[in-house]
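Every chain is numbered from 1 and lettered A, B, ... according to where its sequence line falls, protein lines coming before strand lines. All values reported here derive from a predicted model rather than from experimental measurement.
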Amino acid sequence: MSQIRRDAPRFTPLFAMANERKTLEERALMSDIERLRHSCAHVMATAILRIWPDAQFAYGPPVENGFYYDFQMAHRLTPDDFEKIEAEMKKIAKENQRFERRVISREEAIALAESGRLGGLSERPGNPSQFKLDLIAKIPESEEISCYQNGEFLDLCAGPHVGYTSKCKNVKLTAVSASFYMGDESKGQLQRLYGTAFESKEELEAHFVRLEEAKKRDHRRLGKELKLFHIDEDVGQGLILWTPNGAVVRQELQNFISEELRKQGYHQVFTPHIGKLALYKTSGHFPYYKESQFPAIVEQDQLEQIAHEGCTCAEMTSRLDAVSAQFAAQINERTGAEVIGPDRVMDAEKLLDGFLLKPMNCPHHIKIFASQPRSYRDLPVRLAEFGTVYRWEQSGELNGMTRVRGFTQDDAHLFCTEDQVAQEVLGCLSLVKTVLTTLGMEDYRVRVGLRDPDSAKYAGRPEQWDRAETACREAAKTLGVPFTEEPGEAAFYGPKIDFVVKDVIGREWQLGTVQVDYQLPIRFDLSYNGPDNKPHRPVMIHRAPFGSMERFCGVLIEHFAGHFPAWLAPEQVRVLTISEKVDAFAADVFAQLKAAGLRATLNNDADKIGAKIRNAQLDKVPYMLVLGEQEAAAGGVAVRHSKKGDLGVQSVADFLAAITDEVRERRL
RNA sequence: GCCGGAGUAGCUCAGUGGUAGAGCAUCUCAUUCGUAAUGAGAGGGUCGCGGGUUCGAAUCCCGCCUUCGGCUCCA
């Protein structure tokens, strides 16, 4: 996987940014709860103005689970202010102000904004409603301009709203943060205050209970409780240490994928974690994406040389980024475009060489493909690797296992003829489907990213694109799951198909992805010998059913809330003794479990059975075997399942047969 | 990277300028027990790191690191 966006799966924002103007028709579709929350944003603004009259408001839309308002004022909010603002909001709700809509002319709107009246409790001379002026300028001439007033608060607003502020009493402020004005970093920062609101007090309370539940299955928390992984400051941010329990889960997942890959005719390869800069200059990833890569590793003698020359940092950078005239000419000729401009060309003796921690695996796989002559009879060549890559994510973006700086992709690259693309894409899709089905992730949708016909940014010939897009569309259809086609969502080098999985809490994650690529084979000048005994250009397919082991495991921990099915569980069976009298029998049962290849432990501590069961439950061990004198006498085991409870007594042989079947079949 | 929280024992947390605390976990001893916590005792801390104020700093101030919630970015 490579040019594929990041490690592919990522959190999909559930709501569009507020600076994307909604049409009046879209606004009219606002649901009751959104209408309520939008009104709450106005009530919140009213409350803030009563306390800090200088506040200037920008946008205040409803969002998933609540609402916010962006504003600017001298006082910097902290959570300590919430109580005061909430109290004022409750007061406003009690005052039961009516929301009144009024249509005004553009001139009137501008006059109101210039006087500071819009988004204020009164006129504010010398403090014009600057953000509202911007908003007015954005409203098309054809659209009518309206404002809403509740009590003294008058705001530019298309609505709709609830009738009276008394509806807005079940409200709670949740967070304060900074946001960029119009989502643009250069336009300065606003304060953003988030809240949530519901029709009833009960629903509001239920919402916070749900949030608590979600916290309990947070993979970072469970990762610590179940000792699945560790992140250590001294190792570095965003670098996952897989502890023994987590390593079991990952290894089982990799075994699962590997089995499927063997069935589908893939070849496993291994490649190193670094590669020379030239490799990434050829692929086009360096220097264009160096912001999100670890800096180049320069050889010791070159470093000493440039230090000796008194080379500045900027000089060093340009000498690393540059290429020789010959190199530039080669790439430009292959691609038929000036992809490397004259500004990057430098005398060969001035060039600095170095290595890059690999940010993707494709160039290495491409070199394996190119390492020997290929015939059309060899195609498709499918190279797979659990390949570890490193990317420099911004520190604020790092999150547990789901956004990291070093991660392992369940990556593969398929090299095929154009005629084989459809078949291969379908194979990739069915693999992703198998993976998701096996893990019980049934709630997903498929997104087919197509090129935007108006745009010229796409590389390659239109007829190739047509064929590839048809192939993707047909493959998605064959899958038998709902899919959407999204023009403009293709990568510049080819169409792609993403799997967007909804987790138990309703969040959407982009996991598996399949992308068709015409560009890298050109840049690396790949070819195979065709039936006509002439060289032909292969097509590449990048794909990763999990995306990355790290993110997938993170999502999986939350998906199962830590209760892994037996085949994935780090500890599958725990033998619990009731008293020392059964130690010998327990040791025998334990030995049989180990001999059957199960991940089992024996707890013959001096604790009471209740405590042992409690500990096993907390460790989320799927099977507990309770052994007392009765079981020892009968030669059986009392089976307890962590979710199903007491399953009664079985013979050791029966239990072994049942659990080994369950594990082998990867049952949920 | 930006805004705002937070960082005290392995974990969860209390402690607002005057001798570092609790529960759980760990260890020791006793208990031999039937489906989510047996009892007693013990050990365990450069209070994130560095600097400053003070007779005295976990506590106040400054810088940094890490982490959380957002924003932004995302091949």
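- For A:Tyr69 and A:Phe57, the distance between ring centers is under 6.0 angstrom.
- If you check every strand for non-hydrogen atoms under 4.0 Å, A:Asn615 touches nothing.
- Nucleotides B:G45 and B:G4 have their C1' atoms positioned 29 Å apart, rounded to a whole Å.
- Contact check, A:Lys612 against B:G34: no side-chain N or O comes under 4.0 Å of OP1 or OP2.
- Without hydrogens or angle criteria, A:Arg447 side chain to A:Asp498 main chain gives no donor-acceptor distance under 3.5 Å.
- In this structure, of B:U67, B:G70, B:U12, it is B:U67 that holds the atom nearest to the side chain of A:Ile231.
- Candidate nucleotides B:U72, B:G34, B:C71 were compared by shortest atom distance to the side chain of A:Tyr194, and B:C71 ranks first.
- When the nearest nucleotides of RNA chain B are assigned to A:Leu398 and A:Ser395 by heavy-atom distance, the more 5′-ward of the two goes with A:Ser395.
- If you check distances only, the side chain of A:Arg403 does reach the base of B:C74 with a donor-acceptor pair under 3.5 Å.
- Per the geometry, OH belonging to A:Tyr288 stands 22 Å off P belonging to B:C73, to the nearest Å.
- Within the structure, every side-chain polar atom (N or O) of A:Arg405 is placed at least 4.0 Å from both OP1 and OP2 of B:C74.
- Nucleic acid contact for A:Glu629: base, since at least one base atom lies under 4.0 Å from a heavy atom of the residue.
- For the pair A:Arg37 and A:Phe198, the cation sits on the ring face: its NZ or CZ lies under 6.0 Å from the ring centre, inside 45° of the axis.
- Look at the C1' atom in both B:G69 and B:C33: the space between them is 47 Å, to the nearest Å.
- Residue-level contact check: A:Gly628 touches the bases, meaning some heavy atom is under 4.0 Å from a base atom.
- Not a single donor-acceptor contact under 3.5 angstrom links the side-chain atoms of A:Glu397 to the base of B:G70.
- When the C1' atom is used for both B:G7 and B:C47, the distance is 10 Å, rounded to whole Å.
- In this structure, the ring of A:Trp392 has its center less than 6.0 angstrom from the ring center of A:Phe294.
- Across the protein-nucleic acid pair, A:Asn399 atom CG and B:U66 atom C1' stand 14 Å apart, rounded to whole Å.
- Of the listed nucleotides (B:U67, B:A36, B:U38), B:U38 has the atom at the smallest distance from the side chain of A:Asp607.
- Nucleotides B:C24 and B:U38, compared at atom C1', are 16 Å apart to the nearest Å.
- The A:Lys581 side chain lies nearest to B:C33 when the options are B:C33, B:C71, B:G34.
- Base pairing analysis places B:A37 opposite nothing; no Watson-Crick or G-U wobble pair with both distances below 3.5 Å involves it.
- Residue contacts for A:Gln237: at a heavy-atom cut-off of 4.0 Å it reaches the sugar-phosphate backbone alone, with no base atom in range.
- When the P atom is used for both B:C2 and B:A14, the distance is 28 Å, rounded to whole Å.
- For A:Ala175, taking side-chain heavy atoms from C-beta onward, the closest of the listed nucleotides B:G34, B:G69, B:U72 is B:G69.
- Look at B:G21: its Watson-Crick or wobble partner, with both distances under 3.5 angstrom, is B:C13.
- Comparing B:U38, B:C65, B:G1 by their nearest atom to the side chain of A:Glu233 picks out B:C65.
- Between A:Tyr623 and A:His641, the ring center distance clears the sub-6.0 Å criterion.
- Counting any heavy atom pair closer than 4.0 Å across all strands shown, A:Ile613 reaches a base atom.
- Atom-to-atom, CE of A:Met401 to P of B:U67 comes out at 15 Å; the value is rounded to the nearest Å.
- Under 4.0 angstrom from either OP1 or OP2 of B:C3 there lies no side-chain N or O belonging to A:Gln191.
- For A:Ala638, whose side chain is taken as the heavy atoms from C-beta onward, the closest listed nucleotide among B:G1, B:U35, B:C71 is B:U35.
- Counting only N and O atoms by type, the side chains of A:Gln515 and A:Tyr493 include a donor and acceptor under 3.5 Å apart.
- One C1' atom belongs to B:U8, the other to B:G21, and the distance between them is 10 Å to the nearest Å.
- Take the nearest nucleotide of RNA chain B for A:Asp605 and for A:Arg614: the residue whose nucleotide is more 5' is A:Asp605.
- For A:Arg640, taking side-chain heavy atoms from C-beta onward, the closest of the listed nucleotides B:G69, B:U35, B:G1 is B:U35.
- Counting only heavy atoms from C-beta on, A:Gln394 has its side chain closest to B:U72 among B:G34, B:G4, B:U72.
- Taking atom P on both nucleotides, B:A57 is separated from B:G50 by 15 Å, rounded to a whole Å.
- The side chain of A:Ile578 sits closest to B:G34 out of B:G70, B:A37, B:G34.
- Among the atoms of the strands shown, only primed sugar atoms or phosphate atoms (P, OP1, OP2) are found under 4.0 Å from some heavy atom of A:Ala611.
- Side chain to side chain, A:Lys290 and A:Thr317 fail the donor-acceptor criterion of an N or O pair below 3.5 Å.
- In terms of modelled atom types and a separation under 3.5 Å, the side chain of A:Glu469 and the main chain of A:Arg451 share a donor-acceptor contact.
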